[in-house]
Each structure stands twice: as structure tokens, then as C-alpha cells.
Protein chains: 2
Amino acid sequence: MSTGRRNFRMPRKGSDAANDASSDVGGTEYLETLLGYNARRAALTLVGNFMQGVAEFDLRPVDFSILSVIGHSPGVTSRQLCQLLNVLPPNMVVLLRQLDRRGLIERHPHPTDGRALGLSLSPAGQDLLAQAEAAATQADLRGSARLSAAERKTLARLLQKIYLA
Amino acid sequence: MSTGRRNFRMPRKGSDAANDASSDVGGTEYLETLLGYNARRAALTLVGNFMQGVAEFDLRPVDFSILSVIGHSPGVTSRQLCQLLNVLPPNMVVLLRQLDRRGLIERHPHPTDGRALGLSLSPAGQDLLAQAEAAATQADLRGSARLSAAERKTLARLLQKIYLA
DNA sequence: TATTGTTATACTCTATAACTATA
DNA sequence: TATAGTTATAGAGTATAACAATA
């Protein structure tokens, strides 16, 4: 039996394997001038940290994000989740079905729109989310341990200036 | 016949489709406190920008990164590329074969290690890289147009503090 | 006619095991 | 014994087309 169900992806850093003598080759000088490159590398590091910290709850980033949005905005619809989290509807169906089967979310008929379903967390889902959010925050702080509180705040603000409309 | 060979992924933002009246639901307040979430969202936005700007060269981010490292560090080996760019060796084989078949890179026997191959850009590869880097820089600037030059510099520095050893 | 949720499916990306040739 | 490069393949992530029910 395996410990965790999910494939556990630990992002390999540029220098985690034994290297030969002439191993510090560089060559990334230009790439490091691109915010896209830097953001992607940092995101991979932080996601690895997240996976480690939230492993016991068996939640991938997308599952965690869905639960968090539902928890902080009960009654949200599947389509709204898709727009908020950049997930395509056919894929969201699968994700929500999995969370439903785990007893973490509930679906009610939408009050005004007969096509839609309002989503909310079950009591178990609320419990899990509270614990997972605490763990995720701790993991995020560990992943950015070399940043001061002020730097973390600045970084979040600058990143949001890029991806927020 | 399709225009471009590659699947062209334009990241959908949270608000690019026609929405109903009650569409600004929020619910991402907590997620936006996590640097991992912000970095991932910003990276997706910037990668979308990159894909648009570099489309004419038919280079995905990973292809572009490989060419850039080889160009700025000729003689680098496949294994070193894997470590620098966080790509697993079996996948790097495929990527390098594609670039080789396009006539963009060359492989020479390594001077000191009979197992390894030293990589370098062909003249065509050098031409393509020069053009692609210029386009990538422009795309990166467009993607971060709401940031000042000082903010871009700060952002790059803070992101590197997260992912660099 | 447009939108929500859904099924089925294809494609891309990422990961693991195992082999060879050389160090 | 360990490492570089490689093959084959499995698994996860992301994408499109098309449909029924409702607006």
C-alpha cells in the first residue's frame, strides 16, 4: 500500500543532485531578466512547498482553491468557479465530483437559475478547509522564509498587478 | 491546414466571458494572501503573453529556455540543462531531438567526458534565439505593463529569493 | 439563441523503470 | 558503483466538440 494516493511532485531544484566538478555552468542570465521565467520558477517552488505542507489532507492546489472559494463564497456556481480559478467546465465537473464523493461539498438547486447549482461546504469540508488553510499558510511562509513580512506584502501586490484585470 | 502546429493556450482570465448580473462573486480573498497562488496566476498570465509574442518562432517556454541557456553557455550538457531548467532527463531527450531536427542545435563529443555531449547553437539557432529573445522581452514588458521599471526589478529580485538556492 | 452542466475524448506535460555505454 | 544519455510507458494536466436542460 502506498502512503499517499496522489503522485507527489517534488520540484527538483537546479542543484539537488550530485554534480561533477565543472557543474556551475550558468547560462540563465538572460532568462532571469524575464518576469515570466522568475514567476514560473518561484511558483513551482512554492507549489512544492504547498504539496508538502498540505499532503496529509490529500488536496492538490486546484482542489484547495475550489474548497477555499466555496468556503468563502457559499452559493457560488460551477461556472463562476471556472472563471475565478481558470479551470475549464469539463474539467471542473470531474473535480467537483471527486470533492462531492469525499463528502466535502454539497450542491443545492440554485434559487433563481434552474440550470445552475449552488455549491457549499459540508461540515466535514469546513473542518478540512480550516485545517488545510492553516497548513497552507504555514507552508507558504516556509517557502518564502527569506522574505520579510514587508517583502511578502510587496511581492503579493506586484504579482496581483500582473494577473488581475 | 492549421495555421500553427502547436496547441495555442491562451489563459482565460477570471472575467473574459460574458457574465450574468450576479457574476462578481469574489471568494478569493484568502487565496490572494498566498504567494504560491499569486505567483502561479501571474506566471500563467505572463506565459500566455510569451506564447503570443513568440508564436511566430514556434517555441514553447521550455524550448526557448533551452535555446537561451545553450546560447549563453555553449558546451553545456544535457544533464546540466536538466538541472538548470528543472526538466527530467527522459523528457529532455525528446526536447533536444526536436530542436536538433529543426536544425537549431548541434551536439559535439564532450572534450573530457566520453558519455556526455556538448551542446551549441547552429547559425540558424543563433539567429532564431536572437529574434526570439527580443520578442520575449517585449512580451514580458507588455505582460507587466502596469509595473514601473523599479517595480519590475524589485519583483524579479523577490521571486529569485524564493526559488534560488 | 445563449448559457449551465455534462460526457467523451484527444492532446500535452510530467514522471518512473530500465537499459547502454562510459567514468 | 555511479553517471550521461536513451527508450518505452504510465500518469496527470489541459484542451475541444457535442449534447440535454433551462434562460
Side-chain angles (χ1 to χ4, degrees), chain A residues 2 4-12 16-23 25 40 43-44 47-48 51 58-63 65-66 75-83 85-98 100 105 107-119, chain B residues 2 4-12 17-23 25 40 43-44 47-48 51 58 60-63 65-66 75-83 85-98 100 105 107-119:
Chain A
S2 59
R5 301 204 308 284
R6 205 87 63 183
N7 212 3
F8 207 76
R9 177 169 37 147
M10 286 290 294
R12 292 155 309 298
D16 63 346
N19 296 341
D20 284 348
S22 62
S23 75
V25 282
R40 187 171 171 279
L44 285 175
V47 165
M51 291 296 286
D58 194 41
L59 294 174
R60 292 161 299 175
V62 65
D63 302 312
S65 297
I66 290 171
V76 66
T77 68
S78 169
R79 188 58 64 139
Q80 290 171 325
L81 276 178
C82 288
Q83 294 165 351
L85 298 176
N86 204 21
V87 174
L88 294 171
N91 301 326
M92 183 62 75
V93 170
V94 179
L95 297 170
L96 290 176
R97 180 165 49 212
Q98 292 169 346
D100 194 11
I105 64 172
R107 316 188 198 191
H108 314 89
H110 192 91
T112 66
D113 191 332
R115 299 167 299 180
L117 294 171
L119 301 167
Chain B
S2 59
R5 300 205 308 284
R6 206 87 63 184
N7 212 2
F8 207 75
R9 178 168 35 147
M10 285 292 294
R12 291 156 309 299
N19 296 341
D20 284 349
S22 62
S23 75
V25 281
R40 187 171 172 281
L44 285 174
V47 166
M51 291 296 287
D58 192 42
R60 293 161 297 176
V62 65
D63 302 312
S65 298
I66 289 170
V76 66
T77 68
S78 170
R79 188 57 64 137
Q80 289 171 326
L81 276 178
C82 287
Q83 294 165 352
L85 298 177
N86 204 20
V87 174
L88 293 171
N91 301 326
M92 182 63 74
V93 170
V94 180
L95 297 170
L96 290 177
R97 180 164 50 212
Q98 292 169 346
D100 194 10
I105 65 173
R107 317 187 198 192
H108 315 88
H110 191 92
T112 67
D113 191 333
R115 300 167 299 182
L117 294 171
L119 301 166

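In what follows, chains carry the letters A, B, and so on, assigned in the order in which the sequence lines appear, proteins first and then strands, with residues in each chain numbered from 1.
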N/O (side chain, B:Arg79) to phosphate O (OP1/OP2, D:dA2) under 4.0 Å: no
message: How many whole angstroms separate atom CD of B:Gln83 from atom P of D:dT3?
response: 11 Å
field: Out of C:dT3, C:dT7, C:dA15, whichever nucleotide has its closest atom nearest the side chain of A:Arg115
entry: C:dT3
- prompt: Hey, which of these two, A:Asn91 or B:Gly118, hits DNA chain D nearer its 5' end, going by closest nucleotide?
  reply: B:Gly118
- prompt: Taking atom C1' of C:dG5 as reference, at what distance in whole Å does atom CG of A:Leu95 sit?
  reply: 14 Å
query: How many Å lie between CG on A:Asp113 and P on C:dA2, as a whole number?
result: 17 Å
field: A:Leu117 CG - D:dA21 P separation (whole Å)
entry: 15 Å
- prompt: Considering heavy-atom distances to DNA chain C, does A:Arg40 or A:Arg97 have its closest nucleotide positioned more toward the 5' end?
  reply: A:Arg97
field: Given D:dA4, D:dT16, D:dT6, the nucleotide with the shortest approach to the side chain of A:Pro90
entry: D:dT16
- request: Check the pair B:Asp100, B:Arg97 against salt bridge (charged side-chain N to carboxylate O under 4.0 Å, His left out), reporting the backbone distance first and the verdict last.
  value: CA-CA 5 Å; B:Asp100 194 10; B:Arg97 180 164 50 212; over 6 Å; no
- prompt: Considering only C:dT4, C:dC13, D:dT16, which nucleotide approaches the side chain of A:Ala116 most closely?
  reply: C:dT4
message: Distance check, rounded to the nearest 0.5 Å: B:Thr77 atom OG1 versus B:Met92 atom CE?
response: 9.5 Å
statement: Taken to the nearest whole Å, CG/B:Leu88 to P/D:dA4 is 14 Å
Distance, rounded to the nearest Å, where B:Met92 contributes CE and D:dT6 contributes P: 11 Å
task: Any chance you could measure B:Arg60, atom CZ, to B:Leu95, atom CG, to the nearest 0.5 Å?
output: 6.0 Å
- line: A:Leu44 CG to C:dC13 C1', in whole Å, measures 12 Å
- prompt: Between CG of A:Leu117 and CZ of A:Arg79, what distance do you get to the nearest 0.5 Å?
  reply: 12.5 Å
task: Compare all side-chain heavy atoms of B:Ile66 with those of B:Leu96 and state whether any distance is below 4.5 angstrom.
output: yes
message: Reading DNA chain C from 5' onward, which residue's closest nucleotide shows up sooner: B:Val62 or A:Val93?
response: A:Val93
field: Separation of atom CD in B:Gln80 from atom P in D:dT3, rounded to whole Å
entry: 14 Å
